[in-house]
Undergrad: 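Sharing a structure with you now.
For the numbers below, each heavy atom of this structure counts, side chains included, while hydrogens, waters and symmetry mates do not.
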Amino acid sequence: MSTLQKTDRPKAVVLLSGGLDSMVTAAIAKEQGFDVHALTINYGQRHVRELKSARAIAAKLCLERQVELSLDLRAFGGSALTADIEVPKEGVGADIPVTYVPARNLVFLSLTVAFAESAGASDVFIGVNALDYSGYPDCRPEFISSFAETARLGSKAGVEGDAFTIHAPLQQMTKSDIVKECARLALDPSWSWSCYDPAVNGEACGRCDSCRLRRKGFDDAGLQDRTSYAKLSI
């Protein structure tokens with residue numbers, strides 16, 4: 001990553017998980033002319049492999065700074081990603097799945113705004129989308145828009161008139177759209193990681209919701225996904 005230097009470009013902070021969506025979001029923020037800082041959160045997730053991808057993405061995109069924050073949500077549990085609960089492999093359903101981490105984006109966006117305020121940034125980017133996702137309530141447009149007002153009311157910057165803008169550039173994209181955007185931005189999708197339940201040998205499982213959505217996105221876009229899967233979804 002680059003050494004911090006003063007520039008005339010505005011700063012932005014992106015919530016960088018290491019997944020495909022967050023990678024594309026970070027690249028969009030750069031394309032829009034921001035000096036991009038990244039917040040990556042190690043929350044005790046089962047798929048800790050994504051942290052390695054987040055570091056790689058930050059380096060490949062030459063982001064200004066990446067902060068990796070530890071916040072062990074295993075103390076709360078309540079999710080297949082943070083507790084000893086089996087990750088579903090039967091296909092993407094209509095209900096909120098057990099891989100939902102209670103209030104994760106609410107907590108993570110609060111931390112991202114805190115980072116932005118301390119860095120002198122008014123713009124926050126998050127890679128949520130509402131069309132082709134696993135039913136998480138904290139990916140909905142109404143949540144994102146309401147959080148912008150919460151950030152304004154609950155921060156020194158907001159009270160003093162410098163409100164935060166929460167950017168969700170993938171909000172209305174399908175996974176296929178995101179894959180195409182990845183190609184347009186000349187990103188290597190292999191830098192990212194999507195699987196919730198990696199195999200012992202390090203391969204993606206191919207059957208969890210996140211693997212299924214990723215594979216469908218590449219299939220629908222007519223592009224190759226070079227991810228190595230332990231077992232292809234059916």
Side-chain angles (χ1 to χ4, degrees), residues 1-72 81 104-105 108-109 111-129 166-170 173 175 178-196 198-199 201-204 210-211 214 217-218 223-229:
M1 287 172 283
S2 63
T3 302
L4 285 175
Q5 296 178 345
K6 290 185 178 180
T7 73
D8 294 329
R9 295 187 298 271
K11 296 177 182 177
V13 176
V14 61
L15 184 58
L16 183 67
S17 68
L20 181 70
D21 296 355
S22 70
M23 177 177 72
V24 170
T25 298
I28 288 173
K30 283 203 67 174
E31 184 180 54
Q32 292 181 0
F34 289 98
D35 276 340
V36 180
H37 300 240
L39 177 62
T40 300
I41 300 177
N42 179 354
Y43 61 95
Q45 60 268 54
R46 178 191 298 262
H47 53 308
V48 69
R49 167 65 177 77
E50 71 176 359
L51 299 178
K52 179 179 177 181
S53 290
R55 297 176 198 126
I57 292 165
K60 295 287 188 180
L61 295 182
C62 298
L63 302 188
E64 285 296 308
R65 182 185 181 197
Q66 183 197 18
V67 171
E68 188 172 306
L69 187 67
S70 293
L71 179 70
D72 196 347
L81 302 188
R104 180 176 62 180
N105 283 343
F108 288 5
L109 268 177
L111 293 169
T112 308
V113 166
F115 182 11
E117 186 172 34
S118 67
S122 299
D123 294 88
V124 168
F125 282 76
I126 182 170
V128 295
N129 76 36
I166 312 297
H167 302 263
L170 313 185
M173 292 187 185
K175 190 64 75 173
I178 294 167
V179 169
K180 291 175 183 176
E181 190 72 351
C182 180
R184 183 189 69 79
L185 292 162
L187 303 173
D188 185 341
S190 69
W191 298 342
S192 67
W193 182 263
S194 299
C195 181
Y196 287 153
N201 65 0
E203 291 180 317
S210 191
C211 280
R214 181 182 176 115
F218 276 91
L223 296 171
Q224 182 181 10
D225 180 9
R226 292 186 291 147
T227 300
S228 178
Y229 293 100

Undergrad: Please enumerate all residues that pass side chain to side chain contact (heavy atoms under 4.5 Å, CB included) together with S118, with sequence neighbours excluded.
TA: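 S118 satisfies side chain to side chain contact (heavy atoms under 4.5 Å, CB included) with F115 only.
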Undergrad: For Q45, what residues pass the side chain to side chain donor-acceptor pair (under 3.5 Å) criterion, not counting sequence neighbours?
TA: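 If we apply the side chain to side chain donor-acceptor pair (under 3.5 Å) test to Q45, skipping adjacent residues, the hits are E50.
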Undergrad: Just jot down the ring-ring contact (aromatic ring centres under 6.0 Å, His included) partners of Y43, sequence neighbours excluded, or say none.
TA: F108
Undergrad: Can you list everything that forms a salt bridge (Lys or Arg N to Asp or Glu O under 4.0 Å) with E181? Sequence neighbours excluded, please.
TA: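 Checked E181 against salt bridge (Lys or Arg N to Asp or Glu O under 4.0 Å); matches are R184.
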Undergrad: Can you sort out the partners of D123 under salt bridge (Lys or Arg N to Asp or Glu O under 4.0 Å), two or more places apart, ordered by chain and number?
TA: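 For D123, no residue satisfies salt bridge (Lys or Arg N to Asp or Glu O under 4.0 Å) once neighbours in sequence are set aside.
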Undergrad: For D72, check side chain to side chain contact (heavy atoms under 4.5 Å, CB included) against everything at least two apart and list the hits.
TA: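 Checked D72 against side chain to side chain contact (heavy atoms under 4.5 Å, CB included); matches are R74.
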Undergrad: If the condition is salt bridge (Lys or Arg N to Asp or Glu O under 4.0 Å), which residues does R104 pass it with, not counting sequence neighbours?
TA: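 None.
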Undergrad: Could you tell me which residues satisfy side chain to side chain contact (heavy atoms under 4.5 Å, CB included) with A56, sequence neighbours excluded, listed by chain and number?
TA: none
Undergrad: My understanding is that only residues two or more places apart in sequence, or in another chain, count here; which of them pass side chain to side chain contact (heavy atoms under 4.5 Å, CB included) with K52?
TA: R49, R55
Undergrad: List for me each residue that meets side chain to side chain donor-acceptor pair (under 3.5 Å) alongside T112, sequence neighbours excluded, and say none if there are none.
TA: none
Undergrad: Using side chain to side chain donor-acceptor pair (under 3.5 Å) as the criterion, list what pairs up with T227, not counting sequence neighbours.
TA: R214, D225
Undergrad: According to the salt bridge (Lys or Arg N to Asp or Glu O under 4.0 Å) rule, which pairs have a member within residues 14-30, sequence neighbours left out?
TA: D21-K175
